[in-house]
Amino acid sequence: MINLHHFAHRVQRMFLDASIEDFDRLSYMDTRLLRTFVSLHDTGSFTATAQDLAFAQSTVSAHIQSLEQRLGVRLFDRLPTRVVLTAHGRRLLPLARQMLDLAAEAERIADPADGHCAVRLVAPGTLCGHRLPQVAMFLRQHHPQVQLSVAAAGTTAALDALGNGSADLALVFECELTNAGIGGERIGTERLAVICAPDHPLVGRRVSWQRLAEHEFLLLEEGCSYGDVVARRLGMAASGRAKVSRFGSVDAIRACVAADLGLSVLPRVAVEESIRAGKLATIDTPGLPAPRVLLVTRAGRCDGPATATVSEALRAAFLPNPPSPVG
């Protein structure tokens, strides 16, 4: 039986042992095979992988066979409905993603004329709408070569995006990071607010969780860490009979609460404007959580200057007095 540690070492040496003269060959051969390998894992199908990469299906099969022959192990088990990774394939997957990242970074270094660098960020909708605009403005004015793309997602989806390589950075509300390949840095805190319609009888009053649990609550969909904490507290206060509905949009929650269809808990930054405009009001609640915001990256990833620039801009956005983007 092949030792998995020895196998992983062999894979890493495919790139590390290459000379400068060999790099073009490795870039063409190995990254192509690894990209096919990763796509086949993601799609679970030779046909879907062929469509994803614009290859003939026979080419996909040839790539996988070539990679398996080169490594001397079987990487996939062929099942009737899909293909799944073997133990060796599971060990190769994070290494393959890392090597594809490194190869892409090397290509950017090798082509200094291409000054544009894309950074993919995943963050909760509340942060996308109320924290990231100033980050995007700062980057546009001071680092126009950095192309920031942002996708809204809850904590679970954001961590999955980092794990599968479809995101470079993620912002999440504090949670337990169980993936050893992911690390988080606390960069700020978001104050939460219990919100209600302006004419709600509990406006401005100090109300216990038991009293709150008597009312309908509109929370963000599961996977929003602070929303899940609030749902659990309401459930405990109501002995498991809390009335909670889940929404996928902060805007939808604000509109429904303003129409007196229920209460909610959202970051203060997401409702401040509506409160000032008299469209929403707040309820004073003891023990309201104050979730910390984590900047999350994949451990061991070789981040380029663009990712470092975006990370610094995100840290600055959570300072008590963030710098103005104008300057």
Side-chain angles (χ1 to χ4, degrees), residues 101 117-143 146-179 181-193 219-230 246-254 264-274 289-299 301 303-320 322-323 325:
D101 287 339
C117 299
V119 178
R120 302 160 299 175
L121 172 69
V122 182
T126 49
L127 299 181
C128 288
H130 301 279
R131 291 287 188 183
L132 297 187
Q134 68 189 76
V135 173
M137 181 65 71
F138 174 83
L139 293 173
R140 175 176 293 184
Q141 293 182 355
H142 298 283
H143 302 277
V146 176
Q147 298 176 338
L148 178 64
S149 63
V150 181
T155 298
T156 301
L159 297 181
D160 286 345
L162 278 179
N164 65 33
S166 61
D168 303 302
L169 296 170
L171 288 180
V172 300
F173 290 109
E174 189 168 30
C175 60
E176 183 180 1
L177 300 178
T178 57
N179 188 330
I182 292 176
E185 170 194 351
R186 295 172 183 169
I187 63 171
T189 301
E190 284 291 4
R191 294 169 53 216
L192 299 181
L219 301 177
L220 284 171
E221 58 191 342
E222 293 183 10
C224 169
S225 55
Y226 70 84
D228 293 343
V229 170
V230 170
R246 297 284 192 161
F247 286 71
S249 163
V250 172
D251 290 338
I253 289 178
R254 280 195 300 247
S264 188
V265 176
L266 289 174
R268 186 90 187 189
V269 69
V271 297
E272 199 73 68
E273 185 175 334
S274 296
R292 283 173 282 199
V293 178
L294 303 182
L295 174 60
V296 189
T297 60
R298 280 180 284 162
R301 176 187 167 89
D303 289 329
T307 302
T309 296
V310 173
S311 296
E312 284 302 314
L314 290 169
R315 294 184 187 101
F318 284 88
L319 294 174

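Along the sequence shown, the residues carry numbers beginning at 1.
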K.L.:
Please check if the side chain of R131 supplies one atom and the backbone of V269 the other of a donor-acceptor pair under 3.5 Å.
P.N.:
no
K.L.:
Report the distance from atom CD of E272 to atom CZ of R191, rounding to the nearest 0.5 Å.
P.N.:
7.0 Å
K.L.:
Check the pair L220 / L266 against side-chain contact (heavy atoms from CB on, under 4.5 Å), numbers first and verdict last.
P.N.:
CA-CA 9 Å; L220 284 171; L266 289 174; 4.3 Å; yes
K.L.:
So which heavy atom on Q134 is nearest to which on A317, and how close?
P.N.:
NE2-CA, 3.7 Å
K.L.:
Mind listing the closest non-hydrogen atom pair of F318 and L127 along with its distance?
P.N.:
CZ-CD2, 4.1 Å
K.L.:
Just jot down the side-chain hydrogen bond (donor to acceptor under 3.5 Å, both in side chains) partners of S166, sequence neighbours excluded, or say none.
P.N.:
N164
K.L.:
Quick one, L314 and L121 - any side-chain contact, counting heavy atoms below 4.5 Å?
P.N.:
yes
K.L.:
Output the distance between atom CG (L162) and atom CG (D168), rounded to the nearest 0.5 Å.
P.N.:
8.5 Å
K.L.:
Please give me the minimum heavy-atom distance between G227 and L219, naming the atom from each residue.
P.N.:
O-CD1, 3.6 Å
K.L.:
Might you work through the side-chain contact (heavy atoms from CB on, under 4.5 Å) test for F173 and V293, ending with a clear yes or no?
P.N.:
CA-CA 5 Å; F173 290 109; V293 178; 4.0 Å; yes
K.L.:
Work out which heavy atom in Y226 is nearest to a heavy atom in P267; give both atom names and the distance.
P.N.:
OH-CD, 3.0 Å
K.L.:
Evaluate T309 against L139 for side-chain contact (heavy atoms from CB on, under 4.5 Å), listing each step before the verdict.
P.N.:
CA-CA 8 Å; T309 296; L139 293 173; 3.8 Å; yes
K.L.:
Suppose we screen for salt bridge (charged side-chain N to carboxylate O under 4.0 Å, His left out). Which residues come up paired with R186, at least two apart in sequence or across chains?
P.N.:
E174
K.L.:
Taking all non-hydrogen atoms of both residues into account, name the closest pair between A270 and R254 and its distance.
P.N.:
O-NH1, 2.7 Å
K.L.:
For A123 versus C128, what's the shortest heavy-atom pair and its separation?
P.N.:
O-SG, 3.5 Å
K.L.:
Applying side-chain contact (heavy atoms from CB on, under 4.5 Å) to L132 and L171, what does each step give before you reach the verdict?
P.N.:
CA-CA 10 Å; L132 297 187; L171 288 180; 4.1 Å; yes
K.L.:
Please report the interatomic distance CE(M137) to NE2(H142), rounded to the nearest 0.5 Å.
P.N.:
10.5 Å
K.L.:
Sequence neighbours excluded, which residues qualify as side-chain hydrogen bond (donor to acceptor under 3.5 Å, both in side chains) partners of R315?
P.N.:
E185, E312
